[in-house]
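Below is one structure, written out as structure tokens, with a few remarks after it.
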There are 2 protein chains.
Amino acid sequence: MSLRHGLLGLLAEGPASGYDLSRRFQEVLGALWPAQHPKIYAELGRMVDGGLIDIDSHGPRGRKAYRITEAGRAEVRRWLTQVDVDHTVRLEALLRSYFFWLMEPDDLARHLAREAEFYTEQAAIYRAYAERKDAGEFGSTPQVQSMRITIEGGVRVYEALAEWARWAATYKLPAAADGGAPEDGTANSDDG
Amino acid sequence: MSLRHGLLGLLAEGPASGYDLSRRFQEVLGALWPAQHPKIYAELGRMVDGGLIDIDSHGPRGRKAYRITEAGRAEVRRWLTQVDVDHTVRLEALLRSYFFWLMEPDDLARHLAREAEFYTEQAAIYRAYAERKDAGEFGSTPQVQSMRITIEGGVRVYEALAEWARWAATYKLPAAADGGAPEDGTANSDDG
DNA sequence: CAAGGACATGTCCCTTAGTACATGACTGGA
DNA sequence: TCCAGTCATGTACTAAGGGACATGTCCTTG
């Protein structure tokens with residue numbers, strides 16, 4: 001249910017519409033906590049019903065800006081201080097690595113090169129963002145300082161993954177495995 | 001749909017039951033790719049229907065061991081070589097950090113200390129595992145080498161997060177933010 | 001004034017994730 | 001022999017994720 005608290009947290013900075021919130025989620029958090037607009041609009045509706053937010057104003061094109069209520073502020077604080085962090089990680093890249101022995105060495109080398117490139121790029125995007133912040137481009141409000149910490153996390157995680165992919169490329173896998181069961185080598189497959 | 005391919009990958013090492021697969025998913029992959037047993041049993045059933053696996057043997061207590069078929073082997077190879085990696089990351093810890101400005105400095109310090117401790121422990125668990133492998137305790141089949149790469153990924157990601165949490169604890173947040181909208185500081189909350 | 005693009009909100013539906021519940025077989029020790 | 005613990009499989013239900021589709025407004029520019 002962290003989407004709810006993410007939205008509340010953003011609204012704690014000031015009123016915003018579902019459209020605004022969608023964009024802000026994509027901007028910085030997009031690669032760390034994806035959220036599609038259908039979920040956001042639905043959650044906003046539920047939070048209005050629950051009294052955590054209310055409608056601040058109506059704008060052009062049916063725009064509705066939401067404002068956090070005291071109950072909403074209390075709820076996001078409760079989440080931050082009293083709810084245990086969900087430490088679930090779900091990295092498909094690491095799941096795949098468990099099965100590298102099923103890949104041809106050439107395919108694996110290509111795969112790892114592409115992975116390293118991807119993570120390096122992501123890290124660079126975040127690092128550039130961090131540098132703009134450190135240069136004072138966005139001011140130094142508490143909100144900006146918090147965002148800076150989030151960005152630093154992104155940089156570090158993506159750099160770790162990039163280095164991992166490069167390390168893995170140098171790690172010698174014994175052979176181009178066939179995929180047969182190791183205990184009783186019966187299976188034989190000659191297809192590609 | 002990576003659960004399917006994860007199961008197929010494990011079955012490529014040799015026949016196993018749903019129970020075995022559940023445990024193996026928890027063992028190494030548990031912290032990197034969670035999978036609950038209801039999902040596993042359901043997916044196994046679907047894969048039997050689809051001809052990707054079949055029943056190898058029946059054991060005591062209704063145990064059913066599954067065996068991968070040629071179609072299954074082809075499918076997991078196709079996944080590894082032709083399907084793009086899903087780079088989605090979902091780190092609640094980083095989402096929360098975006099809202100650190102809403103926390104009292106004391107709460108935040110405690111939070112970051114606990115986070116650092118958690119990630120350090122996770123990294124240590126993986127590192128110990130890696131060392132046992134490097135000492136040759138599990139042999140050096142291609143499967144073990146692949147697992148070694150996965151474990152290295154776990155070590156690096158968790159170490160990165162641990163270092164991030166320690167870094168964040170030293171990063172100066174300007175003030176114990178009130179949570180009022182910065183544009184018009186109206187809200188006042190005196191509750192804890 | 002027409003057309004394209006960004007703004008803006010939503011529904012529908014299918015898949016996936018995850019918790020709780022239910023059932024029963026075998027095993028080892030008190 | 002009973003009981004606890006582990007092995008083993010599954011259903012049912014709820015919540016969350018995510019793509020596709022639908023609708024309409026406002027703004028700029030040719």
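Chain A is the first sequence line, chain B the second, and so forth, proteins listed ahead of strands; every chain is numbered from 1. Just so we're clear, the structure is a prediction, and the values are computed from it rather than from any experiment. FYI, side chains are in, hydrogens and waters are out, and symmetry mates aren't considered; it's all heavy atoms of this structure.
Remark: A:R63 is not in phosphate contact with C:dA6, judged by side-chain N or O atoms under 4.0 Å from OP1 or OP2. Put simply, B:Y19 has no side-chain N or O that comes within less than 4.0 Å of OP1 or OP2 on D:dT9.
We find that CG of A:D86 is positioned 10 Å from P of D:dG17, with the value rounded to whole Å. One can place NE2 of B:H5 at 15 Å from P of C:dT15, the figure rounded to the nearest angstrom. In this structure, A:L21 atom CG and C:dC7 atom C1' are separated by 15 Å, rounded to whole Å. For the pair B:L7 CG and C:dT16 P, the interatomic distance rounds to 13 Å; values are reported in whole Å. Atom-to-atom, CD of A:E92 to C1' of D:dG18 comes out at 15 Å; the value is rounded to the nearest Å. Rounded to whole angstrom, the span from the CZ atom of B:R4 across to the P atom of C:dT15 amounts to 12 Å.
Note on B:R90: only backbone sugar-phosphate atoms sit closer than 4.0 angstrom, heavy atoms only; bases stay farther off. Residue contacts shown for A:S17 are limited to sugar-phosphate atoms, with no base heavy atom under 4.0 Å away.
The stretch residues 23-56 of chain A comes close to DNA chain C through A:R23, A:H37, A:P38, A:Y41, each having a heavy atom under 4.0 Å from the strand.
Salt bridge status for B:E137 with B:K133: absent, with no side-chain N to carboxylate O gap under 4.0 Å. The pair A:R110-A:D107 meets the salt-bridge criterion, with a side-chain N (NZ, NE, NH1 or NH2) lying under 4.0 Å from an Asp/Glu carboxylate O.
With DNA chain D read from its 5' end, the first of the two nearest nucleotides for B:Y66 and B:T88 is the one closest to B:Y66. When each of A:G62 and B:A65 is assigned the nucleotide of DNA chain D with its nearest heavy atom, B:A65 is the one assigned upstream, toward the 5' end.
The side chain of B:R61 lies closest to C:dA25, out of C:dA25, D:dG24, C:dT9.
Ring geometry for A:Y126 against A:Y158 counts as parallel: the plane angle stays under 30°, on a 0 to 90° scale with 60° as the upper cut. Aromatic ring orientation, A:W164 versus A:F100: parallel (interplanar angle below 30°, classes split at 30° and 60°).
A cation-pi arrangement, defined by a distance under 6.0 Å to the six-membered ring centre and an angle within 45 degrees of its axis, is absent between A:R96 and B:W33.
With no hydrogens or angles considered, a side-chain donor-acceptor pair links A:T120 and A:R166 at under 3.5 Å.
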**Q.** Step-by-step side-chain hydrogen bond (donor to acceptor under 3.5 Å, both in side chains) determination, A:H87 to B:Q122
**A.** CA-CA 11 Å; A:H87 284 117; B:Q122 284 291 317; over 6 Å; no
